[in-house]
Amino acid sequence: VSYCYSGGIIDFVKFLNEGKETIGDKEPIYMAGASEEGADTDKTGEVEISLQWNNTYSENVMSFANNIYTPEGGMHLEGFRTALTRVLNNYARANGILKEKDKNLEGSDMREGLTAVVSVKLADPQFEGQTKAKLGSSFMRPLVNKVVSEGLAEYLEEHPKQAKQILNKATSAARARMAARKAREATRKNSLLESVALPGKLADCSEKNPETTEL
């Protein structure tokens with residue numbers, strides 16, 4: 001499969017979000033960065049990232065290394081996810097979206113409805129496996145982390161309205177996650193109680209009149 005978009009990864013994200021109601025700006029967020037000068041040649045790289053949320057419940061994050069699609073992700077994707085979760089939680093805390101008693105949002109909450117393209121270029125990429133499905137070059141993780149941490153934090157500060165919309169989506173996902181967990185726990189508890197057999201000649205009471213059943 002080959003991808004070619006005249007507007008680069010920004011247009012690619014727009015294509016992936018076609019027909020969906022987007023959250024925040026109509027234009028995807030874009031950030032880029034590179035290794036600092038003086039770094040070892042075999043440990044230098046460039047990073048480009050574009051992302052945009054939509055009103056769906058699925059995550060669609062695609063990662064590339066030297067234009068090779070890495071379906072299993074790798075170090076560049078780890079750096080992206082770590083930074084995304086930390087920056088959004090920090091912003092939510094600093095702006096009162098998350099209260100002191102509230103737990104941090106989880107990464108899955110942040111990525112609900114997220115479409116993103118993470119593209120890195122490096123001199124000597126190390127892939128895991130014969131299919132080059134996963135990037136193993138460890139120095140790319142802190143580099144991508146740095147680019148996202150700085151770029152996304154700057155975007156959120158400069159776009160408070162859009163930031164609130166993005167965080168509202170994440171907090172809604174967190175509430176749904178916690179409600180689903182409580183429902184599962186309640187179901188397990190009820191199933192456990194129903195499966196407990198009474199010993200000997202004892203049996204569950206079938207009488208409904210409290211005057212004849214209460215001690």
Side-chain angles (χ1 to χ4, degrees), residues 3 5-17 20 22-39 43-54 59-70 73-95 97-98 104-123 125 135 137-171 173:
Y3 304 95
Y5 293 90
S6 58
I9 62 174
I10 295 176
D11 275 1
F12 191 6
V13 170
K14 286 181 180 179
F15 167 76
L16 294 173
N17 268 341
K20 298 169 185 173
T22 57
I23 293 171
D25 283 330
K26 291 184 178 179
E27 285 292 311
I29 302 167
Y30 176 80
M31 57 198 79
S35 301
E36 295 180 2
E37 292 184 13
K43 291 186 178 181
T44 59
E46 299 177 359
V47 179
E48 268 192 303
I49 295 167
S50 184
L51 62 154
Q52 186 179 48
W53 279 264
N54 59 60
E59 170 190 352
N60 187 11
V61 178
M62 302 182 71
S63 61
F64 299 82
N66 289 2
N67 296 325
I68 297 170
Y69 176 46
T70 47
M75 294 298 166
H76 51 340
L77 189 57
E78 285 185 23
F80 169 75
R81 285 179 168 174
T82 301
L84 183 82
T85 303
R86 186 183 64 252
V87 170
L88 288 175
N89 268 315
N90 287 347
Y91 184 88
R93 292 268 175 217
N95 291 274
I97 298 169
L98 284 179
N104 272 356
L105 299 169
E106 295 186 1
S108 59
D109 303 325
M110 314 288 194
R111 298 192 303 272
E112 184 178 286
L114 173 65
T115 298
V117 175
V118 180
S119 177
V120 299
K121 291 182 172 61
L122 56 167
L135 182 66
S137 303
S138 59
F139 72 91
M140 290 306 301
R141 180 169 52 191
L143 178 57
V144 174
N145 193 312
K146 181 175 183 290
V147 171
V148 176
S149 295
E150 295 176 355
L152 185 57
E154 182 178 330
Y155 173 85
L156 295 174
E157 289 298 332
E158 293 179 355
H159 301 81
K161 179 182 176 182
Q162 291 86 341
K164 187 175 181 180
Q165 292 172 344
I166 292 167
L167 266 302
N168 283 345
K169 170 74 171 173
T171 52

Quick one, [X] and [Y] - any side-chain contact, counting heavy atoms below 4.5 Å?
X: Met75; Y: Val144; value: no
X: Ile49; Y: Leu152; value: no
X: Leu77; Y: Thr70; value: no
X: Leu143; Y: Lys43; value: no
X: Ile166; Y: Met110; value: no
X: Phe64; Y: Asn67; value: no
X: Ile29; Y: Trp53; value: yes
X: Leu51; Y: Met31; value: yes

So how far is it from [X] [atom1] to [Y] [atom2], rounded to the nearest 0.5 Å?
X: Leu156; Y: Leu167; atom1: CG; atom2: CG; result: 7.0 Å
X: Gln162; Y: Lys26; atom1: CD; atom2: NZ; result: 12.0 Å
X: Asn54; Y: Glu59; atom1: CG; atom2: CD; result: 11.0 Å
X: Asn60; Y: Gln52; atom1: CG; atom2: CD; result: 12.0 Å
X: Tyr91; Y: Leu88; atom1: OH; atom2: CG; result: 10.0 Å
X: Arg111; Y: Leu84; atom1: CZ; atom2: CG; result: 7.5 Å

query = Step by step, would you call Val117 with Leu16 a side chain to side chain contact (heavy atoms under 4.5 Å, CB included)?
reply = CA-CA 10 Å; Val117 175; Leu16 294 173; 4.2 Å; yes
Heavy-atom closest contact ([X] atom, [Y] atom, distance):
X: Thr85; Y: Gly107; result: OG1-CA, 3.5 Å
X: Ile9; Y: Ser119; result: CG2-CB, 4.4 Å
X: Ser63; Y: Tyr69; result: O-CD1, 3.4 Å
X: Phe80; Y: Ala116; result: CZ-CB, 3.9 Å
X: Gly113; Y: Lys169; result: CA-CE, 4.2 Å
X: Pro28; Y: Ser50; result: CB-OG, 3.4 Å

message = Take a 6.0 Å sphere around NZ of Lys14 and say whether it holds more than 12 heavy atoms from other residues, nucleotides or ligands.
response =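 Enclosed.
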request  = Using the side-chain hydrogen bond (donor to acceptor under 3.5 Å, both in side chains) rule, pick out the option among His76, Glu78, Arg86 that qualifies with Asn145.
outcome  =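 Considering His76, Glu78, Arg86, a side-chain hydrogen bond (donor to acceptor under 3.5 Å, both in side chains) with Asn145 is found only for Arg86.
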request  = Determine yes or no for a side-chain-to-main-chain donor-acceptor pair under 3.5 angstrom, with Glu46 supplying the side chain and Lys121 the backbone.
outcome  =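 No, Glu46 side chain to Lys121 backbone: no donor-acceptor pair under 3.5 Å.
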task = Test side chain to side chain contact (heavy atoms under 4.5 Å, CB included) on Thr171 and Asp109 and set out the steps.
result = CA-CA 7 Å; Thr171 52; Asp109 303 325; over 6 Å; no
Side-chain donor-acceptor contact under 3.5 Å, Thr22 with Asn17 =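 No pair is found: no donor N or O on one side chain lies under 3.5 Å from an acceptor on the other.
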